[in-house]
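Following: one structure in structure tokens, then a few remarks.
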Amino acid sequence: MDTRQVKRSLLSAALTLCCVAAPVVARADDEAEPREVPEALLLYLSAAEKSLAANKPKEALAYLLKYDGEDDALRQLLIGHARYALRDYRRAEGAYKKALDLDGALKPAALGLARSYVERQVWPAAAEVLGKHVDVGADPAPYVGLYARVAYEMGDHRLATVLIERGIVRFPSDQIFRRLDVALQIERRDWPRAYEGAMDLLRKSPNDGTAWRQLAAASQRDGRDGVDELATLEAATIANPKDEALLRQHLFAQYAAGHFDHALTSVGRLIKNADVRTLELAVRIADAAGETKRGREWLARIAAKDRSRTVELLDARLSARDGDPAQAQQALERLIQRGDADTRVLLWAGQIAESAGDLAKAEARFSQARDVGGPDVGVATMHLARLYHRLEQSDRALELLATYLAAYPGDTAARRLLGALRTR
């Protein structure tokens, strides 16, 4: 078999191109021992690297999968990069593991594996890989920074503190460690230190959206005179208008403060590519602001599988307000069918059905509400009694009220209704 000796340091330049596919690079090491790579494989590696550099991970993967010779760690590494770029994280993990099986010293494979775990928020697995492969005293900032972030996300504050402090000492100009330090102080509720840390970040990077969010959280809880969370977020969004997470936080703060008109203006900057959570918040704001038509337009963009209980209730309320009881009924019925309805939902569905002339459904919903019980059982009983009277089933109505009053003799509204029915 024809082979060619390739130093890891020479390959590191090519692997750096894979940053397009995954932020994992090899550390140059001119003293590393050369390795044997099949000459036929080099052609596939070169083609795959060019495709990854051009942000064409599918093309890169196709090249690598065509090769049917003896496998190599570098081939599996690039397969991992390609799958990572395609967000196929589980199979990326498999490729990185194979690369490490073939060459346990191939650090980019370890970093790729850890980043794939991070994407799936499997923090303990990521921490285990990083603990084995990261040299905190020698590796570059991205390696140590990733390890520090994983420790923080995992809730291991002792490990996170050690890594953050080492990172700040070794890389004083790298903001990732200082951001993590502020996040750790917020987690510990050390508001003064968090506030000062966020301010330091903003002095160096005035458009740092993460630092603005941290400042808003710390300043509000630190009780500083003249510092207002909403005003801080307003300034932050002006300084960093493309930070969608920051815009979303500002939007929620406006909504919570009752500034619905301003919140509607802010929604316009997010709504085009909004995710489900943002759309739901936008609908809540439209509802609060009385913007029924706009709220219903945004509701229509939420897929059926993503509709939470809140979304269905908003749909019912906005539809009823817009003179569309049929749509309101459908939203309530979806809640009822999936067992996500309380007494008030059942009563509301019964009232809409009764207004629409569907008395059988109204009876079913009022009966369900009465069976559920709770503080609204009296209301459900009276709705059902009135419905029976309307259906000319006065005996059932009287019997129902008498039974109810035997259990709740102090319900004066039910007594009045019973007296009126007897008089009739």
Problem set entry | N-O pairing of Glu333 and Arg365 below 4.0 Å | yes
For residues 178-187, run the donor-acceptor check on the side chains, cut-off 3.5 Å, and write out each pair with its distance to 0.1 Å, sequence neighbours left out.
unit_1	atom_1	unit_2	atom_2	d
Arg178	NE	Pro172	O	3.2
Arg178	NH2	Pro172	O	3.2
Arg179	NE	Asp208	OD1	3.4
Arg179	NE	Asp208	OD2	2.9
Arg179	NH2	Asp208	OD2	3.2
Asp181	OD1	Gln185	NE2	3.1
Gln185	NE2	Asp181	O	3.4
Glu187	OE1	Tyr152	OH	3.3

Seminar exercise, completed: Only one of Glu59, Lys56, Lys58 passes side-chain hydrogen bond (donor to acceptor under 3.5 Å, both in side chains) with Ser51, and that residue is Glu59
Exercise. Can you list every pair that meets salt bridge (charged side-chain N to carboxylate O under 4.0 Å, His left out) and has a residue in residues 249-260, with sequence neighbours left out?
Worked result: none
Problem set entry | Cation-pi geometry met for Arg120 and Tyr89 (6.0 Å, 45°) | no
Exercise. With sequence neighbours excluded, what pairs up with Glu297 under the side-chain hydrogen bond (donor to acceptor under 3.5 Å, both in side chains) test?
Worked result: none
Exercise. Hey, is the main chain of His81 close enough, under 3.5 Å, to the side chain of Tyr96 for a donor-acceptor pair?
Worked result: yes
Exercise. Tell me, do Arg309 and Val345 make a side-chain contact under 4.5 Å, heavy atoms counted?
Worked result: yes
Problem set entry | Pair Lys132 + Glu128, salt bridge at N-O below 4.0 Å | yes
Problem set entry | Least distance between heavy atoms, Ala60 atom then Ala48 atom | CB-O, 3.6 Å
Problem set entry | Side-chain heavy-atom pair Asp315, Glu312 within 4.5 angstrom cut-off | yes
Exercise. Do Val150 and Arg115 have side-chain heavy atoms sitting under 4.5 Å apart?
Worked result: no
Problem set entry | Minimum side-chain heavy-atom gap Trp348-Arg344 below 4.5 Å | no
In a table with atom names and distances, give each donor-acceptor pair under 3.5 Å that connects a side chain of residues 288-295 to protein atoms at least two apart or in another chain.
unit_1	atom_1	unit_2	atom_2	d
Lys293	NZ	Asp322	OD1	3.2
Lys293	NZ	Asp322	OD2	3.3

Problem set entry | Check: Leu335 and Leu313 side chains under 4.5 Å, non-hydrogen atoms | yes
For this session: Calculate, to the nearest 0.5 Å, the distance between atoms CZ and CG belonging to Arg370 and Leu347 respectively.
Result: 12.0 Å
Exercise. Between Ala328 and Ser319, which heavy-atom pair has the shortest distance, and what is it?
Worked result: N-CB, 3.6 Å
Exercise. Could you give the distance from CG (Asp101) to CG (Leu106), rounded to the nearest 0.5 Å?
Worked result: 11.5 Å
Exercise. Do Gln329 and Asp358 have side chains that get closer than 4.5 Å, going by heavy atoms?
Worked result: no
Problem set entry | Partners passing side-chain contact (heavy atoms from CB on, under 4.5 Å) against Glu280 (at least two apart in sequence or in another chain) | Arg284, Ser308, Thr310, Val311
Exercise. Going by heavy atoms in the side chains, are Tyr44 and Lys66 under 4.5 Å from each other?
Worked result: yes
Exercise. Does any N or O in the side chain of Ser116 come within less than 3.5 Å of the main-chain N or O of Gly112, such that one atom is a donor and the other an acceptor?
Worked result: yes
For this session: Report yes or no: does Tyr67 contribute a side-chain atom to a donor-acceptor pair with the main-chain N or O of Leu41 at less than 3.5 Å?
Result: no
Seminar exercise, completed: Residues pairing under salt bridge (charged side-chain N to carboxylate O under 4.0 Å, His left out) where one sits in residues 152-168, two or more places apart or in two chains, turn out to be Arg149-Glu153
